[in-house]
Amino acid sequence: MFWLFKTDPETYSWDDLVKDGKTIWDGVRNFQARNYLEKVAPGDLILIYHSQSDKAVVGIAKAVSSAFPDPTAESSNWVAVEIVPVVALPQKVTLQAIKSNSELANLPLIRQSRLSIMPIEDSAFYRICEMGGVDVKSFIRK
DNA sequence: GCCAACGTTGGC
DNA sequence: GCCAACGTTGGC
């Protein structure tokens with residue numbers, strides 16, 4: 001499956017992920033986001049979106065674990081996944097560009113701006129890759 | 001900095 | 001169980 005994870009670059013950016021090489025995506029404290037996060041499987045590809053100052057999809061990451069209990073959560077029932085960076089988009093895909101594309105205008109990203117983890121349709125994923133100047137075939141094997 | 005959207009909390 | 005008040009997030 002394909003996903004989009006949202007992050008505030010002031011808190012944790014794509015560059016931080018690249019520098020770390022691998023990270024635990026934790027701290028999700030929203031039920032709807034958690035329900036999606038629980039469905040993430042190893043090998044799933046993830047668009048990384050910068051909110052706030054950037055407002056653009058900046059890179060593609062890959063899940064390398066399935067959901068496990070969030071180590072930063074005091075009570076149980078919250079989950080995290082481990083992800084690694086795959087490729088930075090040569091051109092970032094801005095929120096404005098996504099909004100103005102009729103194929104993408106009904107993404108949860110647009111409709112429900114506060115949701116931080118969301119599934120992405122295959123066609124939308126490929127379209128965003130294309131807009132970002134990424135050759136999908138270079139890292140997806142069918 | 002403001003506002004809209006949404007979630008959470010607490011009084012009733 | 002409802003709803004007002006408040007907090008947080010994110011776009012503008």
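Below, read A as the first sequence line, B as the second, and so on, with proteins coming before strands; counting in each chain starts at 1.
- The distance from atom CE of A:Met118 to atom C1' of C:dT9 is 12 Å, rounded to the nearest whole Å.
- For the OP1/OP2 pair of C:dC12 and a distance below 4.0 Å, the side-chain nitrogens and oxygens of A:Lys99 include at least one atom meeting the criterion.
- Counting to the nearest Å, the C1' atom of C:dG10 and the CD atom of A:Glu10 are 13 Å from each other.
- Across A:Lys6 and A:Met118, no two heavy atoms sit closer than the pair CE-CE, 4.4 Å.
- A:Tyr126 and A:Phe5 fall within the same hydrophobic cluster, defined by Ile, Leu, Val, Met, Phe, Trp and Tyr side-chain heavy atoms under 4.5 Å apart, directly or through other members.
- In this entry the distance linking CG of A:Asn30 with C1' of C:dT8 reads 11 Å, nearest Å.
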Dot-bracket line, read 5' to 3' along DNA chain C, where crossing pairs take [ ] and | marks a partner on another strand, Watson-Crick or G-U under 3.5 Å: ||||||||||||
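- Between A:Tyr49 and C:dG11, a side-chain N or O to OP1/OP2 separation shorter than 4.0 Å is present.
- C:dC12 atom C1' lies 16 Å from atom CZ of A:Arg114, rounded to whole Å.
- The distance between atom CZ of A:Phe5 and atom P of C:dG10, rounded to the nearest whole Å, is 14 Å.
- A donor-acceptor contact shorter than 3.5 Å is absent between the side chain of A:Asp54 and the backbone of A:Ser51.
- The closest side-chain donor-acceptor pair between A:Asp70 and A:Thr72 falls under 3.5 angstrom.
- The listed nucleotides are C:dT8, B:dT8, C:dG11; the one nearest the side chain of A:Ser113 is C:dG11.
- Applying the salt bridge (charged side-chain N to carboxylate O under 4.0 Å, His left out) test to A:Glu130 and every residue at least two apart in sequence or in another chain returns A:Arg127.
- A side chain to side chain contact (heavy atoms under 4.5 Å, CB included) with A:Ile128 is found for one member of A:Val136, A:Ile60, A:Val57 and no other, namely A:Val57.
- When distances are taken from the side chain of A:Phe31 to each of C:dG11, B:dA5, B:dT8, the shortest belongs to B:dT8.
- As a whole-Å value, the separation of A:Ile117 CD1 from B:dC6 P is 18 Å.
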Got a list of side-chain donor-acceptor pairs under 3.5 Å for residues 36-46 of chain A, not counting sequence neighbours?
{"residue": "A:Asp44", "atom": "OD1", "partner": "A:Met1", "partner atom": "N", "Å": "3.0"}
{"residue": "A:Asp44", "atom": "OD2", "partner": "A:Trp3", "partner atom": "NE1", "Å": "2.9"}
{"residue": "A:Asp44", "atom": "OD2", "partner": "A:Ala41", "partner atom": "N", "Å": "2.9"}

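- One interatomic measurement links the two molecules: CD of A:Gln52 to C1' of C:dG10, which rounds to 5 Å at whole-angstrom precision.
- Across the protein-nucleic acid pair, A:Gln112 atom CD and B:dA4 atom C1' stand 14 Å apart, rounded to whole Å.
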